[in-house]
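Accompanying notes for the structure given below.
Just so it is clear: chains get the letters A, B, ... in the order the sequence lines come, proteins before strands, and each one is counted from 1. Because the structure is predicted, anything quoted here is derived from the model rather than measured.
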Protein chains: 2
Amino acid sequence: MAIKEKVEMTTSEREIMRVVWTLGNATSKDIVDMLEAKKEWKPATAKTFIGRLVKKGFLLAESEGNKYIYSAAISEEDSVRTAAHRLFEQICHKQAGKTIADMLADAPLSHRDIELIQQVLDGKKKHAVDEVACNCVPGQCKCKCSTH
Amino acid sequence: MAIKEKVEMTTSEREIMRVVWTLGNATSKDIVDMLEAKKEWKPATAKTFIGRLVKKGFLLAESEGNKYIYSAAISEEDSVRTAAHRLFEQICHKQAGKTIADMLADAPLSHRDIELIQQVLDGKKKHAVDEVACNCVPGQCKCKCSTH
DNA sequence: CCATTTCGTTTACATTTGTAATCGATTGTT
DNA sequence: AACAATCGATTACAAATGTAAACGAAATGG
C-alpha cells in the first residue's frame, strides 16, 4: 500500500528528507550543514522546511534537551513510489508502458538493476492483457475522442 | 533532447494540455466543455489556465476571428518524458533501477508494451555498468555518507 | 552566573498555483 | 442597427511554496 499520502511533499522538502533518509536520525544542524552548500539556503530556510515536514507528518521529532532528533515517518522507497504514482495518474494508462520504456532508456542501470527489472517484467508477462483499458474522460485521450 | 523546458507545467495546466493533445486543435470552448464535468471548473478557471499555458509557451494560439485556435507547442510524449526526468532528478541515480522496477510492477501493461520494454531492456544490457555512480552530494544518500 | 551560541517557533513577504468574477471587444442574431 | 452571446484579457484573492529575518528559550562556555 503506502499510497494514502494525501499531503504532498514539495521538491524542497524532499531535499530535507533525503538527508534524513540517509542519516537515519538527524538534528537540524546536520540537515542545515548538509544542504547549505548544495542549495545555498540560509539556515532559517532549511528550518522552515523542517517545520513544515513535521507538521505534514513526514518527519518525526523526538525531543532531546533543547533540540529534536528528526527521523523519517515514511521510507524513501514509499515516497518515491508515491511520487511516481502521481505522475502516472496524470497520463492515460495506455501510455504507461511507453513511458516506462522511455524512462528505462534514459536511466543509468547496473547489471543487477537489469536483472531485477527483467524479473519484474517476466512476472508481468503472465498477467499482461491484450489491450490496456483507457482511464481517461472523453476528450482527454484519443481512445475516447468521440467529438472529433 | 526536449528537456530544456525550464518552465514547469502544473497539474491543472496538464489537464488542459491533455485535451489539446487529444484534439490536436481546440478552441477554448472545446477545452472548457471537455473539462467542466471532470474538474468541476467554472469556464473562467479553465481560461486562466489556458492563458498561463500560452504565456509559458506550452500552447500556441492562432487567431481566428475573435477567438483563438489552440495547439500544443510540445508533444505529450516529450512533456511526460520531462516530468519523469524531473522525478528522477530528485532521487539518487543508484535508485533509478529499483524505482523503475516498482513502477513496472504497478503499471497495467499490454503484451505489446511488454515487448517494447523488453526490447529497450535488451538494448540496455549491452551498456550496463557494474555499479551505477551516485550523483548525490554527501549526506543525501548512503553511498557518500561520510559523516556517520 | 553571565554572555554567547544554538534551537525551534513565529512572523514576513514574494511568487506560484488554484479558483473565479468582471469587463471590454467582437460576433452573431433579429 | 440594436441586442445578446461569446471570447480573451484583466483583476482578485486565497492557499501553497520558497526564502528568510527576528525572537525567545535553553544550553554551554567561561
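If you measure from atom NZ of A:Lys56 to atom C1' of D:dT17, you get 8 Å, rounded to the nearest angstrom. Computed from coordinates, the A:Asp33 CG to C:dT5 C1' distance equals 14 Å when rounded to whole Å. The nearest whole Å value for the distance from the CD atom in A:Glu8 to the C1' atom in C:dG18 is 13 Å. If you take CD1 of B:Ile16 and C1' of C:dT19, they are 12 Å apart, rounded to a whole angstrom. For the pair B:Leu53 CG and D:dG8 P, the interatomic distance rounds to 14 Å; values are reported in whole Å. As a whole-Å value, the separation of A:Leu35 CG from D:dG18 P is 13 Å. Computed from coordinates, the A:Asn66 CG to D:dT28 C1' distance equals 10 Å when rounded to whole Å. Nucleotide D:dT19 holds its P atom 10 Å from the CD atom of A:Glu40, rounded to whole Å.
Each of B:Lys47 and B:Arg52 was assigned the nucleotide of DNA chain C with the nearest heavy atom; the assignment lying further toward the 5' end belongs to B:Arg52.
Note on A:Lys38 versus A:Glu15: salt bridge recorded, some NZ/NE/NH1/NH2 to OD/OE distance being below 4.0 Å. By the 4.0 Å N-to-carboxylate-O rule, B:Arg52 lies too far from B:Glu13 to be salt-bridged with it. Looking at A:Lys94 and A:Glu131, a side-chain N of the basic residue comes within less than 4.0 Å of a carboxylate O on the acidic one, giving a salt bridge.
Residue contacts shown for B:Thr45 include a base, since a base heavy atom lies under 4.0 Å away. When heavy atoms are screened at a 4.0 angstrom cut-off, B:Phe49 is found touching base atoms of the nucleic acid.
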Can you check side-chain contact (heavy atoms from CB on, under 4.5 Å) on B:Val32 and B:Thr27, steps first, answer last? CA-CA 9 Å; B:Val32 165; B:Thr27 62; over 6 Å; no
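For the pair A:Thr10 and D:dG18, the criterion of a side-chain N or O lying under 4.0 Å from OP1 or OP2 is met. A sub-4.0 Å separation between OP1 or OP2 of D:dG8 and a side-chain N or O of B:Ser28 is present. Listed pair B:Trp41 / C:dT19 meets the phosphate criterion, a side-chain N or O lying under 4.0 Å from OP1 or OP2. Within the structure, every side-chain polar atom (N or O) of A:Thr48 is placed at least 4.0 Å from both OP1 and OP2 of D:dT19.
Using modelled atom types, no side-chain atom of B:Thr45 and backbone atom of B:Trp41 make a donor-acceptor pair closer than 3.5 Å.
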